[in-house]
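Before any comments, here is the structure.
Atom set for the values below is all heavy atoms of this structure, side chains included, hydrogens, waters and symmetry mates excluded. Quick caveat, the model's predicted, so the values are computed rather than measured.
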Amino acid sequence: MPRNVSESEAEQVKTQLPELPENYQSSLISILTTAKVANYSAPWQGFEQQKWSGSGFAVTYKNRKFILTNAHVADSSVSMELRLANQSKYYPAKMKTIDFDSDLAFIEVEKKYQKDFWSNVNCLELGDMFTIGQPVNVCGFPMGISSGELCVTEGQISRISFGGNATSLNANLLQGQVSAAINPGNSGGPVLSGKKVIGVAFQGYEGAQSLGYIISVPVIKHFLDDILSNGPYKGFPALDFKYQLLNNQEMKKFHGMKKDETGIRISELDSLSSAGKILQAGDIITSIDGVQVQNDASVRTSFFDRVNFEFLITQKQLGESISMQIIRDKQRLDVKVPLLNKARMTKLITQEEHGIQPTYYIASGIVFTPVTINSIIEQIINMSDEDESKSLSIDSCKRQLGQQAIMIHSILPSEFTRGYSGFNHSFVVVVNDKKIFNMLDLVDAFEKNHEKQHTIITDTGNAIIVKKLSSQEHKPILENFGITNIRSENLKHRETFRNHTIGTPEYWMTADQIPSPDEPSSPVAVIPEGGRAKVMGFAELAKEKKELDRANGLDLDAKGFFAQILTNAFMSMNDDSVSNDSDMRSDDDNDNSDERNPPRKKRRAASR
């Protein structure tokens, strides 16, 4: 028999729930986004228009007002409309800053509507880092425009973790799992506790009820501090190395570790990493910024006993440096590592592209593209059983700056390509006896070929021999697929492509900030100074680097080391373009891999 709940029981339940801020509805925002979305299945096609909805909120931080949402809500937007939860009026807005590593975006109401908008807003405040068991309210607009109504769900923090997000494949950052439901349309909504924002809703789990993930306050503050730094937005730093856990006593003895010492062993380090000239494979990292690294790669923090050590790195701003205690050849060293890389910047397959047309080139009915996260997603969706097996790993490293992996995107059927349908998605290494380093190499290899045939060699050693078609022979093949150009727009302008598209910036400088490399006194390099970045010329750099070398007890080639920053910055693509898989992972982490990085197909953004 059901029974009535007593007043004391009702009051007890009520006191366990977090209290909502006064007038909180005037800070909660429903967002309608109209976006241009590229087609990586048919890269020669233009953008298509898509619409989706999400949530956002107004917040004050360091005496400035912000409207925040998720990056995947603002992604590729051409227009955005905002509506406060307690109003029916929509305000036009635009995306100002976007970061896909953190899945955060800062948006701004168009100037002529700002006074009216902010006169109706009651801003929220940021709280502190959450703790396990903390009660929360998740606010947003699930099902978005179709429902149009604000929804508040209750729950608690059930786990603190370090992971990525479902809309990109970049850095792992500090996040929380909540028992409150996070559904499509909730993306970008605030998570409240104690009348303050302690997180931002950003994704849920397919097939799981009342299980969602939220962005933590340290990540939000890092994003906002970067915006307030009065320079271009930089993002979150990363050090690209794989590591091994030290749970075996014989291993520790071999490296000269004391019985009570703990740490991790670097097993592989990307050569283009900003740590590549300071750290080495085989080094034991025992502490980072004075915080002891445990044998399971965790560190203790003020809010939790076990968080992956990468948290300490991602708390820094790009351009700062981080201190490490290491053991090398049984000798203990104190080193400082400059943090100049974002996640995946040293990988052949770099960050996911957003809001740009895919790069492609077509020769003799064969479509070639760089290998990107976007094309890999399309490849997984569209791959057939006859496609050639591939050898390129998602974590394959660039050997040189500007390097790209090139693949056969598709083979357009014709009498000239008959018999080659199984070579879709094959990686290309040689064309007409020329090794292929990037898309410009590929174009040159085809267009400077004076033979009657083109020869293409794949990474598995297979050969494709096709007739070198005249424009008249090529035209009907292209017309069958509605193709009007044999190359993407960016490949029509070689120097622009070389300077802005090949690779992505390892460092945060934009192309227009980089001076000519022919001016030796120009400010062409960056080193950490006082926790920030100092830009200087090579002459100054050599002197400054000697001091850094002396402090580290290492011998660095300053000009060569920092020249990579200059070279790569010339080839920068998009500072705002920034995935879920961490560039750092443990060789011993297989048992925990689903927990640290849930498979992409299981996670979904709580939007669109």
*Just do the side chain to side chain contact (heavy atoms under 4.5 Å, CB included) check on Ile157 and Ile214 with the steps written out, would you?*
CA-CA 9 Å; Ile157 302 294; Ile214 67 173; 3.7 Å; yes

*Other residues, nucleotides, ligands: >12 heavy atoms within 6.0 Å of Arg332 CZ*: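 Atom CZ in Arg332 is packed in, count exceeds 12.
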
*Is Asp260 atom CG crowded by more than 12 heavy atoms from other residues, nucleotides or ligands, each under 6.0 Å away?*
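Enclosed.
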
Provide the closest heavy-atom pair for [X] versus [Y] in the form atom of the first, atom of the second, distance.
{"X": "Gly235", "Y": "Asp99", "result": "CA-OD2, 3.7 Å"}
{"X": "Asn172", "Y": "Thr314", "result": "O-CG2, 3.9 Å"}
{"X": "Leu150", "Y": "Gly140", "result": "CD1-O, 3.4 Å"}
{"X": "Ser274", "Y": "Leu340", "result": "OG-N, 3.4 Å"}
{"X": "Cys151", "Y": "Thr153", "result": "SG-CG2, 3.9 Å"}
{"X": "His354", "Y": "Ser76", "result": "C-OG, 3.9 Å"}

*Can you run down the salt bridge (Lys or Arg N to Asp or Glu O under 4.0 Å) pairs that involve residues 243-254, sequence neighbours left out, and say none if there aren't any?*
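Of all non-adjacent pairs touching residues 243-254, those that pass salt bridge (Lys or Arg N to Asp or Glu O under 4.0 Å) are Glu250-Lys253.
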
Heavy-atom donor-acceptor pair, [X] side chain to [Y] backbone, under 3.5 Å:
{"X": "Asp226", "Y": "Phe223", "value": "no"}
{"X": "Gln175", "Y": "Gly164", "value": "yes"}
{"X": "Ser53", "Y": "Gly185", "value": "no"}
{"X": "Ser30", "Y": "Arg83", "value": "no"}
{"X": "Ser179", "Y": "Gln156", "value": "yes"}

Does the side chain of [X] reach to within under 4.5 Å of the side chain of [Y], using non-hydrogen atoms?
{"X": "Leu348", "Y": "Gln403", "answer": "yes"}
{"X": "Asp289", "Y": "Ser323", "answer": "yes"}
{"X": "Met129", "Y": "Ser216", "answer": "yes"}
{"X": "Ile67", "Y": "Phe57", "answer": "no"}
{"X": "Gln203", "Y": "His72", "answer": "no"}
{"X": "Leu173", "Y": "Asp103", "answer": "no"}
{"X": "Val217", "Y": "Phe130", "answer": "no"}
{"X": "Phe254", "Y": "Arg265", "answer": "no"}

*Angle class for the Phe66/Tyr61 ring planes (parallel below 30°, perpendicular above 60°, tilted otherwise)?*
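Tilted.
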
Value rounded to 0.5 Å, distance of [atom1] in [X] from [atom2] in [Y]:
{"X": "Ile107", "Y": "Leu68", "atom1": "CD1", "atom2": "CG", "result": "8.5 Å"}
{"X": "Leu339", "Y": "Leu318", "atom1": "CG", "atom2": "CG", "result": "7.5 Å"}
{"X": "Ile288", "Y": "Ile313", "atom1": "CD1", "atom2": "CD1", "result": "5.0 Å"}
{"X": "Asp283", "Y": "Ile326", "atom1": "CG", "atom2": "CD1", "result": "4.0 Å"}
{"X": "Ile160", "Y": "Ile132", "atom1": "CD1", "atom2": "CD1", "result": "5.0 Å"}
{"X": "Lys277", "Y": "Leu269", "atom1": "NZ", "atom2": "CG", "result": "10.5 Å"}

*Who passes salt bridge (charged side-chain N to carboxylate O under 4.0 Å, His left out) against Lys62, sequence neighbours left out?*
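Lys62 satisfies salt bridge (charged side-chain N to carboxylate O under 4.0 Å, His left out) with Asp225 once adjacent residues are dropped.
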
*Of Thr34, Thr33, Val37, which is the lone residue that meets side-chain contact (heavy atoms from CB on, under 4.5 Å) with Gln50?*
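Option passing the side-chain contact (heavy atoms from CB on, under 4.5 Å) with Gln50: Val37.
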
Examine the side chains of [X] and [Y] and answer whether a donor and an acceptor come within less than 3.5 Å of each other.
{"X": "His222", "Y": "Ser102", "result": "no"}
{"X": "Ser193", "Y": "Gln134", "result": "yes"}
{"X": "Gln177", "Y": "Ser161", "result": "no"}
{"X": "Thr262", "Y": "Asn295", "result": "no"}

*Check the pair Lys196, Asp128 against salt bridge (Lys or Arg N to Asp or Glu O under 4.0 Å), reporting the backbone distance first and the verdict last.*
CA-CA 8 Å; Lys196 292 187 177 182; Asp128 298 321; over 6 Å; no

_Is there a side chain to side chain contact (heavy atoms under 4.5 Å, CB included) between Ile264 and Ile284? Walk through the geometry before answering._
CA-CA 6 Å; Ile264 55 172; Ile284 307 297; over 6 Å; no

_Evaluation steps, side chain to side chain contact (heavy atoms under 4.5 Å, CB included), between Asp75 and Phe100_ = CA-CA 9 Å; Asp75 183 13; Phe100 291 95; 3.5 Å; yes

*Criterion side chain to side chain contact (heavy atoms under 4.5 Å, CB included) on Tyr24 and Asn137, from CA distance to verdict*: CA-CA 12 Å; Tyr24 72 97; Asn137 284 310; over 6 Å; no

_Pair Phe303 + Phe311: ring centers closer than 6.0 Å_ =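 Between Phe303 and Phe311, the centre distance is under 6.0 Å.
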
_Within the 6.0 Å centroid threshold, strictly below: Phe106 and Tyr233_ =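 Between Phe106 and Tyr233, the centre distance exceeds or equals 6.0 Å.
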
